[in-house]
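All values below come from the heavy atoms of this structure, side chains included, with hydrogens, waters and symmetry mates left out. All residue numbers refer to positions in the sequence shown, counting from 1.
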Amino acid sequence: MSPLSSGLLGDLDPTSDRAVFRQIADQLREAIDRGRFREGEKLPSEADLVDHFGVSRMTVRNAFSILQGEGLVHAEHGRGVFVRPRPPVRRLASDRFARRHREQGKSAFIVEADAAGGHPQVDSLEVKEEKASQDISTRLGSVRRVLARRRRYLLDGRPVEFATSYLPLDIARGTPIAEPNPGPGGIYARLEELGHRLDHFDEEIRARMPSPAEVKTLRLAAGVPVIHLIRTAFDTEGRAVEVCDTVMAADAYVLSYQLPAT
């Protein structure tokens, strides 16, 4: 069914100073926002839009390019352009590191994947000892070497984040934390078993465009930014026991916070 016959899209304004391809992008964006095109649904084809608006294919492609740059749609070779799904994972800061999850043998990502109704996986795992960067050393109290744990997280087969945890060697060396699979509840459960009862976490969050390597690792579509989060875990003695450097696909997450009223 074409957009003209279905009434999904209107007409161009020939009196407007706005470029035609931008007018087409505006109409498609509004239709997506109003739910006329749902998540995962295919947009009208280039041929449909050329016929409806009386424009060239290049004009339609320029309109699609705008929407791709905004992260609203993604193109699949040979199939068409589709509305990008909304973020499937809700990252609830006040709950994800609750001790009860560790006691149940669940890491934070598994808790969030369960809430999203998805299947969690971890791949590209690397565990090794290495020299600490200046920033990591400062955050961990001037340590020189650390145990680094690098891994990529997938939800239903889609990469959604990758993270590197850095831990002081005097804590992690020779423990299950240094194993590829640290066991139920993840490294935080192991830290507490080693006597480092966790007290609080400090997080720094910023949004930015991804590097070429991040685009490849997370299979990001054009225009999709990343959320860069650095978290430091402190035990009840005030010692920083882990720094986690995480890069998340921004179209895969909603960051949710509960803040106390004062």
Side-chain angles (χ1 to χ4, degrees), residues 91-99 101-102 107-109 112 122 124-153 159-183 185-218 220 225-250 252-253 255-260:
R91 185 183 186 278
L92 182 58
S94 61
D95 180 74
R96 68 191 313 266
F97 297 124
R99 185 165 284 105
H101 298 317
R102 296 193 292 277
S107 66
F109 183 70
E112 292 165 347
V122 178
S124 303
L125 181 66
E126 178 186 54
V127 183
K128 67 175 184 177
E129 296 182 8
E130 64 185 38
K131 181 180 178 180
S133 68
Q134 182 175 349
D135 178 64
I136 296 300
S137 176
T138 299
R139 292 175 186 270
L140 288 175
S142 300
V143 301
R144 293 188 175 184
R145 294 185 63 79
V146 293
L147 179 78
R149 296 183 54 88
R150 294 181 174 86
R151 64 274 190 199
R152 183 174 67 166
Y153 294 95
V160 293
E161 71 173 80
F162 66 91
T164 304
S165 288
Y166 301 96
L167 300 102
L169 283 183
D170 67 292
I171 293 177
R173 176 183 277 170
T175 74
I177 295 173
E179 299 297 325
N181 182 357
I187 62 176
Y188 290 154
R190 304 292 82 75
L191 282 169
E192 295 205 319
E193 289 172 356
L194 292 169
H196 296 278
R197 185 174 177 83
L198 298 175
D199 180 74
H200 68 278
F201 303 87
D202 289 348
E203 291 190 339
E204 301 172 9
I205 303 172
R206 65 189 179 104
R208 58 173 173 80
M209 296 309 294
S211 69
E214 291 165 347
V215 169
K216 182 178 180 179
T217 300
L218 293 175
L220 298 173
V226 292
I227 300 167
H228 188 184
L229 184 151
I230 299 179
R231 178 179 65 252
T232 305
F234 293 87
D235 66 14
T236 54
E237 300 299 318
R239 181 180 180 183
V241 294
E242 182 237 17
V243 173
C244 187
D245 189 328
T246 303
V247 176
M248 299 178 282
Y253 282 89
L255 306 186
S256 181
Y257 294 86
Q258 294 179 350
L259 304 176

> Closer than 4.0 angstrom, basic N to acidic O: yes or no for Glu242 and Arg149?
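No, this pair does not count.
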
> Under a 3.5 Å threshold, yes or no: a donor from one side chain and an acceptor from the other, between Ser165 and Arg150?
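Judged by distance alone, the side chains do not pair up.
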
> Do side-chain atoms of Thr217 reach the backbone of Ala213 as a donor and acceptor pair under 3.5 angstrom?
yes

> I want to check something: taking the side chain as every heavy atom from C-beta on, are Leu191 and Ile177 in contact at a cut-off of under 4.5 Å?
yes

> Pairing donors with acceptors under 3.5 angstrom, does anything connect the side chains of Tyr188 and Arg190?
no

> Indicate yes or no: at least one non-hydrogen side-chain atom of Glu129 is less than 4.5 angstrom from one of Val146.
no

> Once ring-ring contact (aromatic ring centres under 6.0 Å, His included) is applied, do any residues pair with Tyr166, and if so which ones, sequence neighbours excluded?
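Per chain and number, Tyr166 pairs via ring-ring contact (aromatic ring centres under 6.0 Å, His included) with no residue.
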
> Can you tell whether the side chains of Arg152 and Glu161 come within less than 4.0 Å, N to carboxylate O?
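Salt bridge absent between Arg152 and Glu161.
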
> State, with a plain yes or no, whether a side-chain heavy atom of Leu220 is found less than 4.5 Å away from one of Val226.
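Heavy-atom side-chain distance check passes, below 4.5 Å.
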
> Within the side chain of Ser137, is there an N or O that forms a donor-acceptor pair under 3.5 Å with the backbone of Ala132?
no

> Of the non-hydrogen atoms in Ala240 and Leu140, which two are nearest, and what is the gap between them?
O-CD2, 3.7 Å

> If only atom types and distance count, is the side chain of Ser142 paired as donor or acceptor with the main-chain N or O of Thr138 below 3.5 Å?
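Here the side-chain-to-backbone pair does not exist.
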
> Among Met209, Arg208, His228, exactly one meets side-chain contact (heavy atoms from CB on, under 4.5 Å) together with Glu214. Which residue is that?
Arg208

> Quick one: does any side-chain atom of Glu192 pair with a main-chain N or O of Leu198 as donor and acceptor, under 3.5 Å?
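Answer holds: yes.
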
> Under 4.5 Å between any side-chain heavy atoms of Pro168 and Arg239, yes or no?
yes

> Return the minimal non-hydrogen interatomic distance between Leu169 and Leu147, and the atom names on each side.
CD2-N, 3.6 Å

> So, Arg144 and Asp170, do they make that salt bridge, N to O below 4.0 Å?
no

> Side-chain contact, heavy-atom cut-off 4.5 Å: Leu229 with Ile205?
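Side-chain contact under 4.5 Å: yes.
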
